[in-house]
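These notes concern the structure reproduced below.
Chain A is the first sequence line, chain B the second, and so forth, proteins listed ahead of strands; every chain is numbered from 1.
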Amino acid sequence: METIINIAYIAAAIFFIYGIKMLGRPETARQGNRVSAVGMLIAVVATLINQHIFDSWIWVVGGLLIGAAIGAVAAQRVQMTGMPELVALFNGFGGLASLFVGWAEYDRIISESLAPAAFTAAVIYLAVLIGGVTFTGSVYAWGKLSGKLGGPPILFPGQRLFNGALVAGIVLFGVWFVFNPPLYLIFLLGVVLSLLLGFFGVMPIGGGDMPVVVSLLNSFSGLAASAAGFVIENNVLVVAGCLVGASGLILTVIMCKAMNRTLTNVLLGGFGATVSGGQQAEGEMKAATIDDAYFVLESARNVVFVPGYGMAVAQAQHVVKELGNILEENGAEVRYVVHPVAGRMPGHMNVLLAEADVAYEQLVEMGDVNPTMNQVDVAIIIGANDVVNPAALTDESSPIYGMPIIKAHEARTVYALKRGRGRGFSGIENALFFRENTRMLFGDAKQTISQLVAHFKEN
Amino acid sequence: METIINIAYIAAAIFFIYGIKMLGRPETARQGNRVSAVGMLIAVVATLINQHIFDSWIWVVGGLLIGAAIGAVAAQRVQMTGMPELVALFNGFGGLASLFVGWAEYDRIISESLAPAAFTAAVIYLAVLIGGVTFTGSVYAWGKLSGKLGGPPILFPGQRLFNGALVAGIVLFGVWFVFNPPLYLIFLLGVVLSLLLGFFGVMPIGGGDMPVVVSLLNSFSGLAASAAGFVIENNVLVVAGCLVGASGLILTVIMCKAMNRTLTNVLLGGFGATVSGGQQAEGEMKAATIDDAYFVLESARNVVFVPGYGMAVAQAQHVVKELGNILEENGAEVRYVVHPVAGRMPGHMNVLLAEADVAYEQLVEMGDVNPTMNQVDVAIIIGANDVVNPAALTDESSPIYGMPIIKAHEARTVYALKRGRGRGFSGIENALFFRENTRMLFGDAKQTISQLVAHFKEN
Amino acid sequence: MTLILLIFVFVLAAFLGFELISKVPSQLHTPLMSGSNAISGITIVGALIATMVDESGTLSKYLGLAALILATINVVGGYLVTDRMLAMFKRKEK
Amino acid sequence: MTLILLIFVFVLAAFLGFELISKVPSQLHTPLMSGSNAISGITIVGALIATMVDESGTLSKYLGLAALILATINVVGGYLVTDRMLAMFKRKEK
Ligand SMILES: NC(=O)c1ccc[n+]([C@@H]2O[C@H](COP(=O)([O-])OP(=O)(O)OC[C@H]3O[C@@H](n4cnc5c(N)ncnc54)[C@H](OP(=O)(O)O)[C@@H]3O)[C@@H](O)[C@H]2O)c1
Ligand SMILES: NC(=O)c1ccc[n+]([C@@H]2O[C@H](COP(=O)([O-])OP(=O)(O)OC[C@H]3O[C@@H](n4cnc5c(N)ncnc54)[C@H](OP(=O)(O)O)[C@@H]3O)[C@@H](O)[C@H]2O)c1
């Protein structure tokens, strides 16, 4: 029996490995997710066949049903744009679950009047600690991403000192606990401190950095599961948890690189709280009317759309696609240039444009467009800001200096759609909007584009 | 104590992993080999600290010294071109060692009048079986590579049937043995059969396919070590053996791909035994004299060398480099085009030319030269044949059809250096040598080139 | 030996995790994060064991139940949401 | 449990081995083969254990000694020959 369960666990681990591998390639990603789901099913079923299932079946079935119902409803209801925060919330639940698993095992040992061995105590503490940090950190990240807790980083004097003290306290209690495993109070204090650490650790980090934070916390929740696996000596927990821990960590690093930030830089936080230096932009913004834009677009032969966070806010993807179609019928070559960190989560623009059925061939990467940008007649910037900021190329004092950008400023004419003089995620001014060849179309992106579409339809 | 040893084993495994990873990149390859050597040292030292070392130290030290001495001397003495066969021989020793380890454990259990459990019996049999096949197969491959056993495949009627019978016998004895582990005779019969299988399995495979075979047997010797690890329940053996098994297998597949063959195709063998179809070449070979070649080369501005197996046979790499230098001083652009499967082992030409100190920048891949081959004044083919055979591009009935080749035939003038009308590894005719723009320089490649060099020096 | 082997398993899984995620295109970052988040719900196995192990209504059993509900939300929700995300990507390739 | 975990270790190592060797340039095939051949000499550990375990001059001890000599040749020779090969590659990059 034990053997069959373990073979099933090995099978589950293989499914997870293949699943992660396939998730990394666009063609196989969806299948990969299903493969890994099958692995999970195998692991759950294998766990159910042994054990005191008959004594506890109400508990088990009840727990599974309640959890599955909540999870399924939440996943079905959520809007496309709300997905990142939902993932953060789920991740927090996973962390809390690992905390409870560690705690339950500790309580079981204690209630049998035993004391766990030092190693067991250490992994229990680790599971609980990482799980706790993951939980509050993820919930806070969820709050920020969904706008419930406000996006900008919250800084207070002595913040780093305070967080440092939290870490020190956790380590202290940890050592104490490992040498005196029966001290329930110390254990609980450790739990409380780790919950606090998750909360205060995420506090100084701006809303735009949340995807990185969520990815890191995702890695943590894997490690928490792995630690829980050591607690109950369960191999599939150790393997799957560690796979997630390692791949999550490397994914976090990859995401940081795409934004030209380091992980430390993100975690120390405060980015976007203060408007950092950089020259002031010269010139003034020149507003254009829909009419102007219509005439220019009418005669354009080569058009690129540069979507950004504003397109997501305005939910303008469908009308953008409509305008794109009209321009194509009108004989222009139309492309959509997607910057890897446009929007607020990686792949944000891809997901939105895919939702609007933009063909795969029309989605191009910036590296493919930049060299020939000067042959583009019109670049239409839809709520993008930082990702088209030329300061990243030229101004060494700019906080985004060195980030690769879409060189929209090299197009013959640039139309920038935004509501006003609002700044982007990084909080810095963008000289592009003040250039000779740039015209502003103020207003909500969706409305502006709809008006353009209407104009085309009339004529 | 046990714990320290095991932590050392984990460290060793990590070193192996990093070692293999680094071996895969040219810049880090040498270091990677050393990293993995350190891992091996750690594993050996960790094994020595426990155990009954004091009772057996003479045995242990003696064994280590003898083995190290033989290995070191062989490795130091071997010629560059003799390395592949030496690797094959070493590999065979590794396989035999795994066979002995499995056998020793079996004998130990039996001599204590115990019977091994079915699982243990199975892994013992596996270790012995794979070890045995690896041993005789590798030794045979060594014989073929070093020319001691003749290169061409040896075929006899009913060969596949015979080999199939061997496999069936091994399986049969294996099942029998697993259900009756105390049957020493069955065990020994299994050993004999697996030794025979290695020998007869390699027999039908031609000498030129030996690198693939050695790579596959290398993978086997890893698996044998892994099986031996299961026998004595030793984790580092399992991990390291399996790493080698898996990476060796994938390497084998990569090597097959470079030759446009499938693994089955290689293993079923017979390639090169019969001269397979394909049109006969038309026209006749036109011999040229050293004088002719000298005058053409004198005025050439763009020269490529295409080395092949013949350069290795003639050991002509040093004179080739000398000629290259002279041509460069004479104002010509000189490049060396290396085909991935030129010679008889992967990277064969790279190693030889590196030995002769050809600069890295002058070594070019075929993909970089082929598109501009028509701008090359002279292509000098030094004992290459199959890798410049245009039939691979045009003749669908040719056994090498589909293999990427160096398009030397598109150069303005081709000089082909070979001893006579001998065919290449694949045994097929090469129409290149009969073309209008091709001139043959018959004779040993080293002598021919030396004469050319002498000519240049005289004038 | 069990513990040592578990550590071994942990180390190998860590290396494997690193190797598997090299050079993922940026558009897949979010689904990948979400998909591996679902896998981290594997702690559901631990929760199940904790829920089933005791017979009386001890604290540890209630903790197990809570863990089970949370982990199930993570697993089920995580896989479904990832699938929805990836469905979007799929469509555009037609 | 030990056996199961060993199988787990085996499976993970297999996947890792596959992942590590993706897209090796062809000029490295021979050194890579030779270098991993040296690693397969890890059976030296098994040989050492076999040589040391018994006290009397049993067959199994002699087998162990033979295995030890052979495995040592494989390890020492394998690493040295690989190093020599790679030294050649190094030189040309100067
Ligand atoms: N993708 C990721 O994973 C990720 C993660 C973390 C951080 N980030 C950061 O986020 C930024 C993304 O750059 P981005 O260029 O996409 O966006 P952005 O720099 O944040 O700029 C968004 C712009 O959209 C405009 N906008 C907002 N609502 C709008 C509406 N309804 N209609 C029209 N315009 C609207 C805003 O200007 P108005 O207020 O004037 O309208 C604002 O300037 C980068 O700095 C990146 O590093 C990205
Ligand atoms: N590299 C690998 O890993 C590998 C592995 C397995 C198989 N192979 C196969 O091996 C072949 C390699 O092609 P290749 O073009 O390098 O060689 P090749 O096709 O085997 O031809 C070698 C030529 O060199 C000539 N030659 C022999 N000794 C010579 C000497 N002393 N001086 C001058 N010429 C001499 C021979 O002609 P004469 O007898 O007329 O002199 C022969 O035609 C391919 O078919 C490949 O698939 C390669």
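Both the backbone and the side chain of C:Thr30 come within contact range of chain A, each with at least one heavy atom under 4.5 Å from a heavy atom of that chain. If you measure heavy-atom distances from A:Arg25 to chain C, the contacts under 4.5 Å come from the backbone alone. Heavy atoms of A:Leu64 lying under 4.5 Å from chain C belong to its backbone as well as its side chain. Heavy-atom distances place no part of A:Leu352 under 4.5 Å from chain C, backbone and side chain included. With a 4.5 angstrom heavy-atom cutoff, A:Val236 touches chain C via backbone and side-chain atoms both.
Ranking C:Ile39, C:Leu20, C:Thr2, C:Leu68 against chain A, the residue ahead of the rest is C:Ile39, based on heavy-atom pairs under 4.5 Å. Among A:Gly24, A:Ala127, A:Gly32, A:Ser219, the residue making the largest number of heavy-atom pairs under 4.5 Å with chain C is A:Gly24.
Residues C:Ile44 and A:Met40 form a side-chain contact, since some pair of their non-hydrogen atoms from C-beta on lies under 4.5 Å apart. C:Leu48 is not listed as a side-chain neighbour of A:Trp59, based on a closest heavy-atom distance of 4.5 Å or more. Inter-residue side-chain proximity for A:Ile66 and C:Thr72 is flagged as unmet; no heavy-atom pair is nearer than 4.5 Å.
Among residue pairs with one or both ends in residues 239-252 of chain A, those qualifying as side-chain hydrogen bond (donor to acceptor under 3.5 Å, both in side chains) are A:Ser215-A:Thr252; sequence neighbours excluded. Listed by first then second residue, pairs satisfying side-chain hydrogen bond (donor to acceptor under 3.5 Å, both in side chains) with a partner in residues 93-105 of chain A read A:Ser98-C:Thr43, A:Trp103-A:Tyr184, A:Glu105-A:Arg108, not counting sequence neighbours.
Donor-acceptor pairing under 3.5 Å is lacking for the side chains of C:Ser60 and A:Tyr106. No hydrogens or angles considered: a donor-acceptor pair under 3.5 Å links the side chains of C:Ser36 and A:Asn218.
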